[in-house]
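Note that the structure is a prediction, hence the values are computed from the model and not measured. Order of the sequence lines fixes the chain letters, A, B, ..., with proteins taken first and strands second; residue numbering starts at 1 for each chain.
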Amino acid sequence: MPELPEVETIVQQLKKKLVGKKINYVEVLDKKVVDNDVKKISGSKVVKVWRRAKSIIIELSGKKFLLVHLRMTGHFHYVSKGKKLDPFFEKFVVARFNLSDGSMLTHNSIRLFGSIRLLSLEELEKELSKLGPEPLEISFKEFEKIILGKKGNVKTTIMDQKVIVGIGNIYAQEALYWAGIDPSRKCGDLSFDEIKKLYNQIKRVLLLAIKHHGTTIENYAHIEGAGDFQKLLAVYQSKKCPKKHLLKKISLGGRGTYYCSQCQK
DNA sequence: TGATATGTTATCTT
DNA sequence: CAAGATAACATATC
């Protein structure tokens, strides 16, 4: 679901729709997902929108920040002035941001996981400092050092947001397939060449997925500009690898893991 | 009907 | 104590 490429795509869309606009008032429909304090942003302007890991940060005038985490089923819908939200999504609306130009941004959450919180700059920095480095910015040397220092299996390790951010169950499996590495291998056992391949493939897969605006798996996750990377998935939830070998499915860290025992060693 | 899917965190275990 | 492993969260879908 939303991993780095999907969140990046959503950020680009939000940027276009929100930056420079004023938020007239906010309706909070589910206080568990959306902090009631978020109402306080009424009257402020959207200055900037950016991504860190799988989080969306919306900067508002007056040095206030909305930290949005979609978790699995959170998504936004932008409704132009005079238009209505698709009734299918209406029942999952947890917050409504009414903009001064008459348009509206809704935040929907099916399983009520994610969160939207209003933070000061200090609070935001504190939250973000808990996260590992960005995979598209980290150097190979740093990456190698991190991986060699870990003892668990590679797949669970690269999905750990304290180790490296943005990689979830889909892209972890894809990157490991293209790198030719068995997902259950222990980090410390990987050779220099394998770590190099993994580093390159994580970047390649993420960048390619960003180009395709992410992966759209579940029909209810559809939003404007939903991506089509699912057409390019090698192993995730499929039966055969691109070379037509039958895939194996195991569980690592409580997550379904598909891999090819012939292509991945 | 119950297993499965998902990202993160709290909690248990080594 | 630290790091790894696992359960818990919610709910639609198969």
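Lys249(A) comes within 4.0 angstrom of sugar-phosphate atoms only, judged by non-hydrogen atoms across all strands, and of no base.
Where Phe113(A) and Gly253(A) meet DNA chain C, the nucleotide closest to each residue was compared, and Gly253(A) sits on the side nearer the 5' end. Nearest-nucleotide positions on DNA chain C for Asp160(A) and Leu112(A) put Asp160(A) closer to the 5' end.
Tyr25(A) is linked by a side chain to side chain contact (heavy atoms under 4.5 Å, CB included) to Glu27(A), Ser42(A), Asn98(A), counting only residues two or more places apart in sequence or in another chain.
Spacing between atom CD1 of Ile110(A) and atom P of dG7(B) amounts to 15 Å, rounded to whole angstrom units. Straight-line distance from the CG atom of Leu4(A) to the P atom of dG7(B): 12 Å, rounded to whole Å. Rounded to a whole Å, the CZ atom of Arg255(A) is 13 Å from the C1' atom of dA5(C). The CG-P distance, from Asn108(A) to dA12(C), rounds to 14 Å in whole Å. If you take CZ of Arg71(A) and C1' of dA8(C), they are 11 Å apart, rounded to a whole angstrom. Per the geometry, CG belonging to Asn153(A) stands 7 Å off P belonging to dA5(C), to the nearest Å. Rounded to whole Å, atom P of dT13(C) lies 14 Å from atom CE of Met72(A). Between the CD1 atom of Ile167(A) and the P atom of dG7(B) there is a distance of 12 Å, given to the nearest Å.
Around NZ of Lys203(A), the count of heavy atoms belonging to other residues, nucleotides or ligands within 6.0 Å exceeds 12.
Nearest to the side-chain atoms of Arg111(A) among the listed nucleotides dG4(C), dT8(B), dA10(C) stands dA10(C). For Tyr258(A), the listed nucleotide lying nearest its side chain is dA5(B); candidates were dA12(C), dG7(B), dA5(B).
Side-chain N/O atoms of His69(A) include one lying less than 4.0 angstrom from OP1 or OP2 on dT8(B). Under 4.0 angstrom from either OP1 or OP2 of dT8(B) there lies at least one side-chain N or O belonging to Lys54(A).
Between Cys241(A) and Val235(A), the shortest heavy-atom distance links the atoms CB-CG1, 4.5 Å. Nearest heavy atom pair, residue Leu118(A) against residue Lys40(A), reads CD2-CB, 4.1 Å.
There is a path of hydrophobic side-chain contacts, each under 4.5 Å, that joins Ile146(A) to Leu190(A).
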